[in-house]
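This one's a predicted model, so the numbers in the text were calculated from it and none came from an experiment. Index from 1, following the sequence. Side chains included, hydrogens not; waters and symmetry mates left out as well; all remaining heavy atoms used.
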Amino acid sequence: MAYEEPIRDYDRIVENCTCAFCGCNCDDLTYLVKNEHVVGVRHACRLGASKIMEDMDQRLLVPLIRNEAGELVETDWDTALDKAAELIANSVRPVFYGWSETSIETMKQGIKLGEYVGAVLDNQATICHGPSLQAVQNSGYPVNTLGEVKNRADMIVYTGSNAMNSHPRHLARYAAFPRGYFRKKGRFDRTIVTMDPRYTDTAKMSDIWVGFNPNGDYEFYTALRAVLRGKKLKEDKVSGIPRETIEELAEAMKTTEYGCLFFGLGLTHSLAKQRNIDAGIRLIQDLNKYSKWNLIPMRGHFNVNGFNIFMSFEMGFPYGVDFSRGYPRYMNGETNTIDLLTREEVDVFMVIAADPGAHFPGGANRHLANIPVIQIDIHWGPSTELADVVLPGSFVGVEVAGTSYRMDGVPIYMKKAIDKPETCRDDEWIVRELYERVQKIKGEKIASK
């Protein structure tokens, strides 16, 4: 569902831009630019357009540093960078968190800095699709691309996700409505199924809604797998769903030509967590004995998947990577940000392109309030209230170019459309500058001994 911004007075247009909102990474946007500010966006959804046409009143434009009175005051870049570098260089257990709304190029600099100081590098997957990544390690990853879905799929299943609200163009551009090479009639060539306890907006426009009980995901998927394997269900209802409905759904999924299961946080954060995703993956593997099926997680931020792919490629682990022993380590419950903060192990926290102040539990934020926090971001938010040093970055895909990964793992180049404010810097430049200054501080310490 594209939101067409009304035509306004503008100086120029920039075509084929990439949206920096959700994991769809729509790359067909047109920006209307006036005085180096995006005043209109064509083809984007309302969520993407509202982010791209940012509210400058909330924009971080100058470096800030917290004074002795506890107030954030403006400062110059050298002072702010030196202070941040000093905090990192003198830290024992630093954590660098976020990365999901910045570029792969910035992450490359982040790995160099993290390895050098022995930090933990973590991203939002630690509190969202972490169970999905654990399940992939357990059961495999029968993934496909959104292009294959558009051109081939005749059955689309959404579970634990309300795509109409969270990813508004997902159905319109990739899944339900577009006309594909083998699906000439678009929506009329497809069956849309929503499996979710709630009757969501996505369920309302689906052909089939299966409203199983809350926290009944694992039970329902296990029953569906049993039917696919030729077993007879003994109970009249499983997780609130009649036996006949489960049998009919299994038969429909078996006889489809090409299907895709899209799952969201509703599946990863109900009672069974990663075991839900295990069951989902096994379900797809069972279906592939009869037809062609794949699955794709509905990733949130536009480059949250990119961090997991990049870290897995470079270090062998998707998130929560700990360099404190001089080599990369990964252990859920030990090297994750929330666990480290609630155990009060962290002594310096750098957040980049994320807002833990708005999303972390109270215990984690209480510890953040007691330790030095460095923020690299473009907007003022709850995390800014916790920060001791604020370094204003740039908007990837609008003010600076960079690489991101779509929810299906396809890399997307996000080009620059306008110039960034003169007082801001690229995220990549900021992290590289911190690395160089930390090296200098540590080098001077070694020389003085």
Side-chain angles (χ1 to χ4, degrees), residues 20-23 25 94-115 117 119-137 264-265 268-269 274 297-324 328-342 346 348-361 364-365 368 373-379 381 383 393 396-397 402-407 409 411-412 414 427-428 430-431 434:
F21 178 71
C22 76
N25 293 63
V95 170
F96 302 158
Y97 172 84
W99 310 99
S100 297
E101 295 199 357
T102 190
S103 65
I104 298 294
E105 291 77 9
T106 304
M107 296 174 198
K108 184 177 180 180
Q109 300 300 323
I111 282 185
K112 287 173 60 179
L113 178 59
E115 278 191 292
V117 300
V120 173
L121 267 67
D122 204 3
N123 84 322
Q124 285 92 325
T126 196
I127 56 173
C128 61
H129 269 284
S132 303
L133 297 167
Q134 295 171 47
V136 166
Q137 293 167 14
L265 295 185
T268 65
H269 282 69
Q274 74 266 24
M298 298 287 285
R299 303 306 297 270
H301 305 289
F302 75 89
N303 207 15
V304 64
N305 197 29
F307 179 89
N308 303 137
I309 291 173
F310 178 69
M311 291 300 290
S312 297
F313 179 83
E314 292 286 341
M315 296 298 156
F317 306 115
Y319 64 100
V321 183
D322 183 5
F323 294 103
S324 62
R329 263 190 340 128
Y330 160 76
M331 184 178 294
N332 279 303
E334 278 291 322
T335 62
N336 303 107
T337 301
I338 301 296
D339 301 282
L340 291 165
L341 287 171
T342 51
V346 185
V348 169
F349 189 84
M350 183 172 79
V351 53
I352 175 167
D355 197 356
H359 302 110
F360 278 6
N365 277 328
L368 284 179
V373 175
I374 302 161
Q375 182 190 29
I376 304 173
D377 212 331
I378 62 173
H379 287 300
S383 294
V396 177
T403 307
S404 67
Y405 278 80
R406 206 166 60 188
M407 65 169 65
I412 304 289
M414 306 177 72
D427 295 348
E428 181 185 1
I430 293 172
V431 180
L434 286 173

If you define the side chain from C-beta out and look only at heavy atoms, does anything of Thr106 sit under 4.5 Å from Ile376? no

Taking all non-hydrogen atoms of both residues into account, name the closest pair between Asn336 and Gly320 and its distance. ND2-CA, 4.5 Å

Enter the distance from Leu340:CG to Tyr97:OH here, rounded to the nearest 0.5 Å. 12.5 Å

Run the side-chain contact (heavy atoms from CB on, under 4.5 Å) check on Phe360 and Ile127 step by step: do they pass? CA-CA 9 Å; Phe360 278 6; Ile127 56 173; 4.1 Å; yes

Assess the residue pair Trp99 and Asn303 against the criterion (side-chain contact (heavy atoms from CB on, under 4.5 Å)); give the C-alpha distance rounded to whole Å, side-chain angles, the decisive distance to 0.1 Å, and a yes or no. CA-CA 8 Å; Trp99 310 99; Asn303 207 15; over 6 Å; no

Any Phe349 side-chain heavy atom under 4.5 Å of Thr337 side chain: yes

Not counting sequence neighbours, which residues clear ring-ring contact (aromatic ring centres under 6.0 Å, His included) with Phe96? List them please. none

Would you give the length of the straight line joining atom CG of Leu133 to atom CG of Asn308, rounded to the nearest 0.5 angstrom? 5.0 Å

Not counting sequence neighbours, list each pair that qualifies as a salt bridge (Lys or Arg N to Asp or Glu O under 4.0 Å) and has a residue in residues 297-323. Arg93-Asp322, Asp322-Arg329

Interatomic distance, CG@Asp427 vs CD@Gln109, rounded to 0.5 Å, equals 11.5 Å

Residue list, side-chain hydrogen bond (donor to acceptor under 3.5 Å, both in side chains) with Asn365, at least two apart or on another chain: none

Show the nearest heavy-atom pair for residues Pro356 and Val351, with the distance to one decimal. CD-CG2, 3.4 Å

Are the side chain of Glu105 and the backbone of Thr403 linked by a donor-acceptor contact shorter than 3.5 Å? yes

Exam field: side chain His269 to backbone Pro131, donor-acceptor pair closer than 3.5 Å: no

ring-ring contact (aromatic ring centres under 6.0 Å, His included) against Tyr319, all qualifying residues, sequence neighbours excluded: Tyr330

Do Gln137 and Gln274 come within less than 4.5 Å of each other through their side chains, counting heavy atoms only? no

Looking only at heavy atoms, which two atoms of Thr268 and Ser132 are closest? And how far apart? CG2-OG, 3.1 Å

Contact check, side chains of Glu334 and Asp339, non-hydrogen atoms, under 4.5 Å: no

Flag the pair Leu121 / Met311 as yes when at least one side-chain heavy-atom distance between them is below 4.5 Å, and no otherwise. yes

Hey, could you give me the CD1/CE distance between Ile104 and Met414, rounded to the nearest 0.5 Å? 11.0 Å

Go through the structure and list residues passing salt bridge (Lys or Arg N to Asp or Glu O under 4.0 Å) with Glu428, not counting sequence neighbours. Arg432

Closest heavy-atom contact between Ala354 and Ser383? O-OG, 4.4 Å

Show your working on side-chain contact (heavy atoms from CB on, under 4.5 Å) between Phe323 and Val120 and close with a plain yes or no. CA-CA 6 Å; Phe323 294 103; Val120 173; over 6 Å; no

Taking only residues two or more places apart in sequence, or in another chain, which ones meet Asp122 in a salt bridge (Lys or Arg N to Asp or Glu O under 4.0 Å)? none

Closest approach of His301 to Ser100 (non-hydrogen atoms, all atoms of both residues): CB-O, 3.6 Å

Stepwise, does the side-chain contact (heavy atoms from CB on, under 4.5 Å) test hold for Val396 with Ser404? CA-CA 9 Å; Val396 177; Ser404 67; over 6 Å; no

